Amino acid sequence: MSIAAGVQMKNRYGSCLGNELCGQTCTVLYEARGTQCGCRLFYECRYEWYQWWDDIITADDPSMHSSQNEQDNRVYGNFAMIPMLEPSSQQEAYDMVYDGFSLSEQLGYPILLRITTRMAHSRAGVVTRSQQPENEMHFPADGRQRFILLPALARKRFKTLLAAQETFTALSESSSYNRYFDAYDKTLGIITTGIAFNYLSENYPDGFEHPVLKICQYPLPLEQVGWLVEECDEILVLEEGFPLVEEQLKGVLGLGITVHGRLDGTLQRDGELTPDAVGRALGKELNDFYEIPEVVEQRPPALCQGCGHRDVYDALNEVLKEYPSAKVFSDIGCYTLGALPPFRAIDTCIDMGASITMAKGAVDAGLFPAVSVIGDSTFTHSGMTGLLDCVNEETNITIIISDNETTAMTGGQDSSGTGRLEAICEGLGVAPGHIRVMIPLKKIMKR
């Protein structure tokens, strides 16, 4: 088994495709926004129908605990028209990875497995299964027909994908992950997806009062949805993230049945679902028995004591006092905390690599000085192409690569540029005389 963190999300998927061209099993892991970076290959690979052993695991972040948006990556799976799995428990999460490989091999298409914050941050004992033997290296006899996506070949592949949709739906209908629970009160039918099933169960410790359809494999099992609609007067949809299922049920013309959920205000449109939010949607009376102690109230994060980012921002603030019109463009990383007190040192933080490209655009608009602050691993992820643009257009910009020699924000992985950042900059065309290397300590701040 080989486990590696790529420099950039798209790189991870490219490595995975090469692995699978050789007949091997591969899984790509993304946090919510990382799926954006890999989506180009994600969309194209569904046309390369061969023998896939591919799980794409995405961890979405409703409520944006550590993300810049609440994107629901089931939308990507829907757009790509591939099967999706969404576990409601830790055991299902384990089983779905295992079954996802089998399903991918059976269908010849990648499988998207989507979890959300609470599932990603949980742990539990699970019943394991036997490890499968490693596949021997082998190549498709007609590999060029399958892995060269010229338009003429891609059109044929798309027709194949369209023809497979009925099979995908039939497998959802028979999936053990999709289950119907009957109940006596049919004034309301409830559809849950993924972890929302747990929140519903917490509100009915003695068993469901209304019929429930638990959906954890997509496409939607339309026949099972039809049974619920026929049995019940109204439908409530409980899903974490976007109202994806709710929109599909309502459609353009509607089903002729009232569908409640996030779109009509029965549930809040933003943020995570909670057992209490589900209880309110069910009309239950909820009581708060505990107050949150001050000691555990939410507190803003802070840069670690002794971190070099601190001295960088202190020095930057001191220097820029001389330039009232200066703007500092920051990037994605723990140094984004420079926006908070006591530093308040940055003006923007949008996307990985955007510190350099936004600063360049501001210079093009006439701003001086424009300063970009980017971390070492973010620089190798998405900053190098922006720097090349600056080199090619001789942009008058100051770029600070704040190098803490690790990928600190997401687990402390090795940084891909450690020991090579100056060489990378020179290789991109930055004149050696324009490169300064400094240790960010207060005693050398004047330098």
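Small disclaimer: the values here were computed from a predicted structure and weren't measured.
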task = Considering only NZ, NE, NH1 and NH2 on the basic side and carboxylate oxygens on the acidic side, decide whether D314 and R310 come within less than 4.0 Å.
result = no
Between [X] and [Y], which heavy-atom pair has the shortest distance, and what is it?
{"X": "I374", "Y": "S355", "result": "CB-OG, 3.6 Å"}
{"X": "A326", "Y": "L320", "result": "CB-CD2, 3.9 Å"}
{"X": "A80", "Y": "L161", "result": "O-CD2, 3.7 Å"}
{"X": "I397", "Y": "I356", "result": "CD1-O, 3.9 Å"}
{"X": "H309", "Y": "S402", "result": "ND1-OG, 2.6 Å"}
{"X": "I195", "Y": "M119", "result": "CD1-N, 3.9 Å"}

Indicate whether any N or O donor in one side chain lies under 3.5 Å from an N or O acceptor in the other, for [X] and [Y].
{"X": "Q91", "Y": "D95", "result": "yes"}
{"X": "H65", "Y": "D61", "result": "no"}
{"X": "D60", "Y": "T116", "result": "no"}
{"X": "Y98", "Y": "Q132", "result": "yes"}
{"X": "D99", "Y": "Y177", "result": "yes"}
{"X": "S122", "Y": "Q90", "result": "yes"}

query = Under 6.0 Å from the NZ atom of K284, do we count more than 12 heavy atoms belonging to anything else shown?
reply = yes
key: More than 12 heavy atoms from other groups under 6.0 Å of NZ on K327   = no
Side-chain ([X]) to main-chain ([Y]) donor-acceptor, under 3.5 angstrom:
{"X": "Q217", "Y": "M84", "answer": "no"}
{"X": "D347", "Y": "F329", "answer": "no"}
{"X": "T395", "Y": "V391", "answer": "no"}
{"X": "Q106", "Y": "S102", "answer": "no"}
{"X": "T169", "Y": "Q165", "answer": "yes"}
{"X": "T378", "Y": "G375", "answer": "no"}
{"X": "S104", "Y": "G100", "answer": "no"}
{"X": "R436", "Y": "G433", "answer": "yes"}

query = Between L267 and L273, does a side-chain contact (heavy atoms from CB on, under 4.5 Å) hold up when you go through it step by step?
reply = CA-CA 8 Å; L267 293 160; L273 285 183; 3.9 Å; yes
With rounding to the nearest 0.5 angstrom, report the [atom1] to [atom2] distance, [X] to [Y].
{"X": "I115", "Y": "I57", "atom1": "CD1", "atom2": "CD1", "result": "7.0 Å"}
{"X": "Y109", "Y": "T167", "atom1": "OH", "atom2": "OG1", "result": "9.5 Å"}
{"X": "E393", "Y": "K360", "atom1": "CD", "atom2": "NZ", "result": "3.5 Å"}
{"X": "Y218", "Y": "Q248", "atom1": "OH", "atom2": "CD", "result": "8.5 Å"}
{"X": "H381", "Y": "D331", "atom1": "NE2", "atom2": "CG", "result": "10.0 Å"}
{"X": "T258", "Y": "L249", "atom1": "OG1", "atom2": "CG", "result": "12.5 Å"}

request  = Check step by step if side-chain contact (heavy atoms from CB on, under 4.5 Å) holds for F379 and I424.
outcome  = CA-CA 10 Å; F379 174 72; I424 291 171; 3.9 Å; yes
Heavy-atom side-chain contact between [X] and [Y] under 4.5 Å:
{"X": "T192", "Y": "I215", "value": "no"}
{"X": "D376", "Y": "L421", "value": "yes"}
{"X": "L428", "Y": "M384", "value": "yes"}
{"X": "I235", "Y": "H260", "value": "no"}
{"X": "F168", "Y": "L107", "value": "yes"}
{"X": "M81", "Y": "L162", "value": "yes"}
{"X": "V97", "Y": "L113", "value": "yes"}
{"X": "L244", "Y": "V75", "value": "yes"}

key: Residue that, paired with E246, satisfies side chain to side chain contact (heavy atoms under 4.5 Å, CB included) out of T266, V259, T193   = V259
message = Centre-to-centre under 6.0 Å for Y313 and Y335, is that the case here?
response = no
ask   = Going through the checks in order, is the side-chain contact (heavy atoms from CB on, under 4.5 Å) test met by S372 and I400?
value = CA-CA 6 Å; S372 163; I400 298 173; over 6 Å; no
request  = Classify the angle between the aromatic ring planes of F368 and Y323 as parallel (below 30°), tilted (30 to 60°) or perpendicular (above 60°).
outcome  = perpendicular
ask   = Are T117 and S63 close enough, and set up right, to give a side-chain contact (heavy atoms from CB on, under 4.5 Å), and what steps lead you there?
value = CA-CA 9 Å; T117 308; S63 286; over 6 Å; no
inquiry  = Which residue in the set R118, R74, R114, R262 passes salt bridge (charged side-chain N to carboxylate O under 4.0 Å, His left out) when paired with E240?
reply    = R262
